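Just below is one structure, and these are the notes that go with it.
Per chain, numbering begins at 1; letters A, B, ... match sequence-line order. Fair warning: this is a prediction, and the values are worked out from it, not measured in the lab.
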There are 2 protein chains.
Amino acid sequence: MRRTQQREAILGFLKVTRAHPTAEQTHAAVRQGMPSLSLGTVYRNLGRLLDEGLVRELPAGPQGRRYDAVLEPHHHFFCTRCGKVEDVYPGLPSTVKEAMIRSIDREVTQFRLQFFGLCESCARPDNQDREVSERCQR
Amino acid sequence: MRRTQQREAILGFLKVTRAHPTAEQTHAAVRQGMPSLSLGTVYRNLGRLLDEGLVRELPAGPQGRRYDAVLEPHHHFFCTRCGKVEDVYPGLPSTVKEAMIRSIDREVTQFRLQFFGLCESCARPDNQDREVSERCQR
DNA sequence: GTGAATGCAAAACTTTTGCATGTAA
DNA sequence: TTACATGCAAAAGTTTTGCATTCAC
């Protein structure tokens, strides 16, 4: 895979952010330091990096699919109200994990835990009636 | 929520199928017995049934978001080659599950396990070079 | 030099929405 | 009777693609 400035910038951004950005958000962020970057290039690179296993794709929420390239093993918490995705580190003994994978009797290359609920901001009583856009970073 | 023929038919279909259909596939299937059913109505009902917790949404694969309404607790295996989704029943002691949920320190309303790999059909050596569409039910 | 990658813009898909009409309660 | 749901079609939003040009190797 050829090392282009665009690819390095996109991957670099996804490696450090913890925001699980969409393609659009990635484009907006990386473009700050590279104004000519096109959205098409972001999509093509996300596809390429996904193939190479350098990037992970998360379920499409209200704003579309989300991505991250954080290598450290972690799982995800999805806010069902605002769509935000947070990293979580649930305790799961590796023996249990391995037994679980063995029990489904398939060739598993990846394993994920997903938790759903309200994020801290959406759960706060004084925020119940405010629009998501007014109070929540997504 | 009003009980319409369309809503009953859509929910009924999602309760019995194990194919985790997309909105489009659901439309095609339910339409067989109700030719006037529109795709817009399928989307509106999926949204409504999702709000009521009667239907679950799965991550968008290559063909878009997928749905199921199977009540029995189960988790999912995603084929990374053809996009098929299969139900799996991994062994996970409830004490471990509860400890895991407690460990992330958030209000969790739902918890899912997702496994990724190649499905039986995509993993078969003689299928390696054939197009996905030629050999795989999605 | 050459093939892979990019920018741009159009096209293809997926999902949502407005509005007139139909229908369950 | 009336508010909710539907069908249709247009609009909005997301993702992919064709093509000429640029750039990494």
*Name all residues meeting the side-chain contact (heavy atoms from CB on, under 4.5 Å) criterion together with A/Arg18; count only those two or more places apart in sequence or in a different chain, and write none if there are none.*
A/Val70, A/Glu72, A/Asp87, A/Tyr89

_Need the bend value for the helix from C/dG1-D/dC25 to C/dA25-D/dT1: angle between end axes, 5 pairs each end, nearest 10°._
50°

_Results of side-chain contact (heavy atoms from CB on, under 4.5 Å) for B/Gln110 - residues two or more places apart only_ = A/Phe116, B/Arg56, B/Arg112

_Could you work out, with side-chain hydrogen bond (donor to acceptor under 3.5 Å, both in side chains) as the rule, every residue matching B/Gln5, not counting sequence neighbours?_
none

_Once ring pair (Phe, Tyr, Trp, His ring centres under 6.0 Å) is applied, do any residues pair with A/His76, and if so which ones, sequence neighbours excluded?_
A/His20, A/His74

Please list every donor-acceptor pair under 3.5 Å in which a side-chain atom of residues 44-55 of chain B meets a protein atom from a residue at least two apart or in another chain.
unit_1  : atom_1 : unit_2  : atom_2 : d
B/Asn45 : OD1    : B/Arg7  : NE     : 2.5
B/Asn45 : OD1    : B/Arg7  : NH2    : 3.2
B/Asn45 : ND2    : B/Thr41 : O      : 2.9
B/Arg48 : NH1    : B/Glu52 : OE2    : 3.0

Nucleotide N/O to protein N/O under 3.5 Å, stretch nucleotides 23-25 of chain D:
unit_1 : atom_1 : unit_2 : atom_2 : d
D/dA24 : N3     : A/Arg2 : NH1    : 3.3
D/dC25 : OP1    : A/Arg3 : N      : 3.2

*For atom CZ of B/Arg7 and atom P of C/dT23, their distance in whole Å*: 15 Å

*Of all of residues 36-47 of chain A, which get a heavy atom below 4.0 angstrom from DNA chain C, listed by number?*
A/Ser36, A/Leu37, A/Ser38, A/Thr41, A/Arg44, A/Asn45

*Please identify each residue that fulfils side-chain hydrogen bond (donor to acceptor under 3.5 Å, both in side chains) with A/Tyr67, with sequence neighbours left out.*
A/Glu57

*Name all residues meeting the side-chain hydrogen bond (donor to acceptor under 3.5 Å, both in side chains) criterion together with A/Glu86; count only those two or more places apart in sequence or in a different chain, and write none if there are none.*
B/Arg106

*All side-chain contact (heavy atoms from CB on, under 4.5 Å) counterparts of B/Glu98, not counting sequence neighbours*: B/Ser94, B/Arg102

*Which ILVMFWY residues are connected to B/Val88, directly or by a chain of links, through side-chain heavy atoms under 4.5 Å apart?*
A/Phe77, A/Val88, A/Leu92, A/Val96, A/Met100, A/Ile101, A/Ile104, A/Val108, A/Phe111, A/Leu113, A/Phe115, B/Phe77, B/Leu92, B/Val96, B/Met100, B/Ile101, B/Ile104, B/Val108, B/Phe111, B/Leu113, B/Phe115

